[in-house]
Amino acid sequence: MSVVLEIFSEVKKEGRKFLLEPEAKTVCMKYGIPVTDFKVAKNEAEAVKFAEKIGYPVVLKIVSPDIIHKSDVGGVVVNLRNARDVRKTYKQISKNVRKHKAKAKIVGMLVQEMAPESTEVIVGATKDPQFGPTLMFGLGGVFVEILKDVTFRIAPVTEDEAREMITEVKAYPLLKGYRNMPSADIEAIVRILLNTSRLVMEHQEIKELDLNPIIVYEKGAKTVDARIILE
Ligand code: ADP
Ligand code: MG
């Protein structure tokens, strides 16, 4: 069985609907979608060991089948600079999560490479009852949340369609560099759209997928958070 199918079957076996972030990111990696380097630590000592391997600064995030929106419960802390920060934050996140949901099952803590700031985009997929898998693209933050500046295509998308999606959002000029903002690697976004299209076409059991945000640089891009929900 492929790694992706193994993850899906494990999720179903446990009676879960959504993949944990490390599971979703493993699926992304299998489809050539770039993600921040990560490891799941089971205790503080392991978290420090992984942080040193990944390189500071790192991000720590809760890994729990009972928590889907991690930052809502104080489950994400960015910019940890040393072992002391990691140990302290490990305890703090566990406490935050328990306070929110006393019985939350804590699988461990995701130790993650900290992606430097740059332009943020989002790629999503949903399943239309009539047309099947559908892709969404937009710039992150206020552009999607407030301005609803997003665009959709029915999957599978061709390379031309992927390029159209990127150029037709109103915020597109920002991707080409604006004032002191660097230009964003459009080719990297095209590849992410094509790979996401392939992923949702080949795995029709995906009900919803969210790569939010993807941070895009002058060269390359990194998915910082990935959510996948199964039917
Ligand atoms: P949530 O489950 O709440 O959506 P996220 O994983 O998206 O949690 O983390 C919340 C926010 O923290 C992100 O939107 C991003 O701004 C920041 N963040 C998370 N991971 C990283 C990372 N690896 N590098 C930089 N910023 C990050
Ligand atoms: Mg998120």
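Note that ligands are numbered from 1 as they come in the structure, with each ligand's atoms numbered from 1 the same way.
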Under 4.0 Å to a heavy atom of Gln112 - the qualifying atoms of ligand 1, by number: 20 (N), 21 (C), 22 (C), 23 (N)

If you measure every N or O of Glu120 against every N or O of ligand 1, does any of those distances drop under 3.5 Å? no

What are the two closest heavy atoms between Ile214 and Ala221, and how far apart are they? CG2-CB, 4.0 Å

Specify the protein heavy atom at minimum distance from atom 17 (C) of ligand 1: its residue, its atom name, and the distance to 0.1 Å. Val78 CG1, 4.0 Å

Which of the atoms in ligand 1, numbered in the order shown and given with their element, are less than 4.0 Å from a heavy-atom of Glu21? 6 (O)

Between Lys13 and Glu10 (salt bridge meaning N to carboxylate O under 4.0 Å), is one present in this structure? yes

For ligand 1, which atoms sit closer than 4.0 Å to a heavy atom of Val59? 20 (N), 21 (C), 22 (C), 23 (N), 24 (N)

Lys127 bridged to Glu231 by N-O distance under 4.0 Å: yes

With the threshold set at 4.0 Å, does a side-chain nitrogen-carboxylate oxygen contact exist between Glu21 and Lys25? yes

Calculate, to the nearest 0.5 Å, the distance between atoms CG and NZ belonging to Leu139 and Lys170 respectively. 12.5 Å

Determine the minimum heavy-atom distance between Ala226 and Leu211, stating which atoms define it. CB-CD2, 3.9 Å

Does either side chain, that of Thr126 or that of Glu208, offer a donor lying less than 3.5 Å from an acceptor on the other one? no

Distance to 0.1 Å, residue and atom name: give those for the protein heavy atom nearest to atom 24 (N) of ligand 1. Ala115 N, 2.9 Å

Interatomic distance, CG@Leu80 vs CE@Met114, rounded to 0.5 Å, equals 8.5 Å

Counting N and O atoms only, with roles assigned by atom type, does the side chain of Thr223 sit under 3.5 Å from a partner on the main chain of Asp225, one being a donor and the other an acceptor? no

Flag: protein heavy atom within less than 4.0 Å of atom 22 (C) of ligand 1: yes

Can you tell me the protein heavy atom closest to atom 3 (O) of ligand 1 and the distance? Ser71 OG, 2.4 Å

Report yes if Lys61 has an N/O atom closer than 3.5 Å to an N/O atom of ligand 1; otherwise report no. yes

Run the contact test for Lys222 against ligand 1 with a 4.0 Å cut-off on heavy atoms, strictly below, and give the result. no

Is it true that the side chains of Arg98 and Asn96 contain a donor and an acceptor less than 3.5 Å apart? no

Any ion pair linking Glu44 and Lys91 (charged N to carboxylate O, less than 4.0 Å)? yes

Measure the distance from atom 13 (C) of ligand 1 to every protein heavy atom, then report the residue, atom name and distance (to 0.1 Å) of the closest one. Pro213 CD, 4.1 Å

Tell me which protein heavy atom sits closest to atom 7 (O) of ligand 1, plus the residue, atom name and distance to 0.1 Å. Asp225 OD2, 2.8 Å

Before signing off on this row, confirm whether Lys70 and ligand 1 have an N or O atom pair separated by under 3.5 Å. yes

Atom indices of ligand 1, in the order listed, that fall short of 4.0 Å to a heavy atom of Met114: 24 (N)

Backbone or side chain, does any N or O of Val76 fall under 3.5 Å from an N or O of ligand 1? no

Counterpart residues, side chain to side chain donor-acceptor pair (under 3.5 Å), relative to Glu164 (two or more places apart): Arg153

Note: ligand 1 atoms sitting under 4.0 Å from heavy atoms of Ile68 are 2 (O)

Please determine whether a side-chain nitrogen of the Lys or Arg among Glu187 and Arg163 lies less than 4.0 Å from a carboxylate oxygen of the Asp or Glu. yes

In this structure, does ligand 1 have an atom that sits under 4.0 Å from one of the heavy atoms of Val58? no

Ignoring hydrogens, what is the shortest heavy-atom contact between Val107 and Pro65? Give both atom names and the distance. CG2-CD, 3.7 Å

What are the two closest non-hydrogen atoms of Leu193 and Val157, and how far apart are they? O-CG2, 4.2 Å

Could you tell me whether ligand 1 has any atom less than 4.0 Å away from a heavy atom of Glu117? no

For the Mg ion (ligand 2), count the protein N, O or S atoms found under 2.8 Å away. 1

If I compare all heavy atoms of Pro34 with all of Ile192, which pair ends up nearest, and what's the gap? CD-CG1, 3.8 Å

In ligand 1, which numbered atoms sit nearer than 4.0 Å to a non-hydrogen atom of Arg227? 2 (O), 4 (O)

Can you pull out the closest protein heavy atom to atom 18 (N) of ligand 1? Residue, atom name and distance to 0.1 Å, please. Val224 CG1, 3.6 Å

